[in-house]
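Here's the structure we're looking at; comments come further down.
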Amino acid sequence: TTRITKFDQRSDEFGSLARSFNQMAEQLENNITAHQRLLGDVSHELRSPLTRLQLAVALAEKNIGNDIEQQKHLNRCETEVERLDEMIADVLTLSRLEHNQTVFAADNTDLSALVTKVVNDCQYFATSKAVTIRLKAQENCVLLADSKLLSSAISNVVNNAVKYSPHDKVVSVELTQQNEQLMLSVSDQGSGVPNEMIAKLFTPFFRVADARDRSSGGTGLGLAIAQQAILFHQGEIIAQNQESSGLKVIITLPTLSKKNKSHT
Ligand code: ADP
């Protein structure tokens with residue numbers, strides 16, 4: 001939140017207005033922090049019962065025999081439990097990132113190799129949808145990074161491009177380096193995102209079309225986590241609609257990124 005410091009020492013109307021505004025800003029900030037902490041705590045607490053539930057479902061599956069109807073119900077249980085597990089893990093990851101509670105590794109990371117691996121890992125999913133991923137990566141794009149964190153952020157963006165891509169279309173992934181700036185773009189030929197919603201894409205749980213996007217899996221937290229991960233590397237992530245069609249997500253990262261956040 002932004003504070004007004006220019007007027008808040010004054011004893012006139014501007015001063016009193018500035019002080020009220022600052023109080024409101026402080027309250028808002030406290031509320032947001034409390035809200036984020038609660039989310040983190042709740043997710044943490046949900047972990048143990050969920051693990052027990054997973055065990056119980058696995059046990060029941062072992063003992064169910066050949067009752068197809070019951071097997072169907074149990075499979076459904078299993079899918080939903082997995083989904084819950086994924087959501088809780090994502091909420092925890094986001095909460096930890098937002099509170100600097102993650103221990104970050106910072107190693108010399110070959111982004112060219114990392115992006116190639118992410119694309120390879122996504123190939124199976126792409127093939128299943130008849131989507132072609134075209135990769136053009138400049139070699140030796142090296143930066144200081146937490147490779148696991150960066151990899152999951154990039155993986156989310158590439159997976160989204162495939163997920164929201166119609167059949168028989170192309171997803172283009174391009175990595176280039178200019179001086180000390182690395183640029184990764186991921187473009188698809190899908191329907192893009194309504195312009196007024198572009199700014200909200202990185203908000204936790206935001207989805208363009210709730211029912212459609214929910215049914216295609218995912219938690220609605222992927223891009224929020226990706227943004228936090230990129231910000232940690234002092235980079236930037238933006239999304240824009242392309243003139244032709246589809247969404248283009250651009251990630252820029254400085255090569256000389258240093259660990260400069262407080263860690264616990
Ligand atoms: P999800 O798990 O729902 O994919 P994300 O945080 O990764 O969550 O993305 C948030 C929302 O942004 C998605 O639900 C979808 O509506 C929209 N979105 C993300 N990537 C694309 C894309 N390439 N094309 C169209 N919409 C997208």
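For ligands, and for the atoms within them, numbers begin at 1 and follow the listed sequence.
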Practice prompt. Taking only heavy atoms of Lys163 into account, list the atoms of ligand 1 that are under 4.0 Å away from them.
Written response: 1 (P), 2 (O), 4 (O)
Practice prompt. Grab the two heavy atoms, one from Pro49 and one from Glu45, that are nearest each other, plus how far apart they are.
Written response: CD-O, 3.2 Å
Discussion item. Check this for me - ligand 1, Val208, N or O atoms closer than 3.5 angstrom, yes or no?
Written reply: yes
Practice prompt. Using only heavy-atom distances, determine whether the side chains of Asp110 and Asn140 contain a donor-acceptor pair under 3.5 Å.
Written response: no
Worksheet item: ligand 1 and Val193, any nitrogen or oxygen pair closer than 3.5 angstrom?
Response: no
Response to the item:
Note: Gln177 and Asn179 closest approach over all heavy atoms is NE2-O, 3.0 Å
Worksheet item: Under a 4.0 Å N-O cut-off, is there an ion pair linking Lys117 with Asp121?
Response: yes
Worksheet item: With a cut-off of 4.0 Å, which atoms of ligand 1 are near a heavy atom of Phe206?
Response: 10 (C), 11 (C)
Worksheet entry | Which of the ligand 1 atoms, numbered from 1, are nearer than 4.0 Å to a heavy atom of Leu201 | 12 (O), 17 (C)
Worksheet item: Is it the side chain (CB and beyond), the backbone, both or neither of Thr219 that lies under 4.0 Å from ligand 1, heavy atoms counted?
Response: backbone
Fill in: Whether Ala239 lies under 4.0 Å from ligand 1, heavy atom
no
Worksheet item: Can Gly220 be said to touch ligand 1, with heavy atoms closer than 4.0 Å?
Response: yes
Worksheet entry | Any N/O pair Leu223/ligand 1 closer than 3.5 Å | yes
Item to complete: State the atoms of ligand 1, each with its element, that fall below the 4.0 Å cut-off from a heavy-atom position in Gly192.
Response: 25 (C)
Fill in: Smallest separation among heavy atoms of Phe202 and Leu223, with atom names
CD2-O, 3.5 Å
Worksheet item: Under the side-chain hydrogen bond (donor to acceptor under 3.5 Å, both in side chains) rule, what pairs show up with a residue in residues 54-74, not counting sequence neighbours?
Response: none
Item to complete: May I have all residue pairs that pass salt bridge (charged side-chain N to carboxylate O under 4.0 Å, His left out) and include part of residues 173-201, sequence neighbours excluded?
Response: none
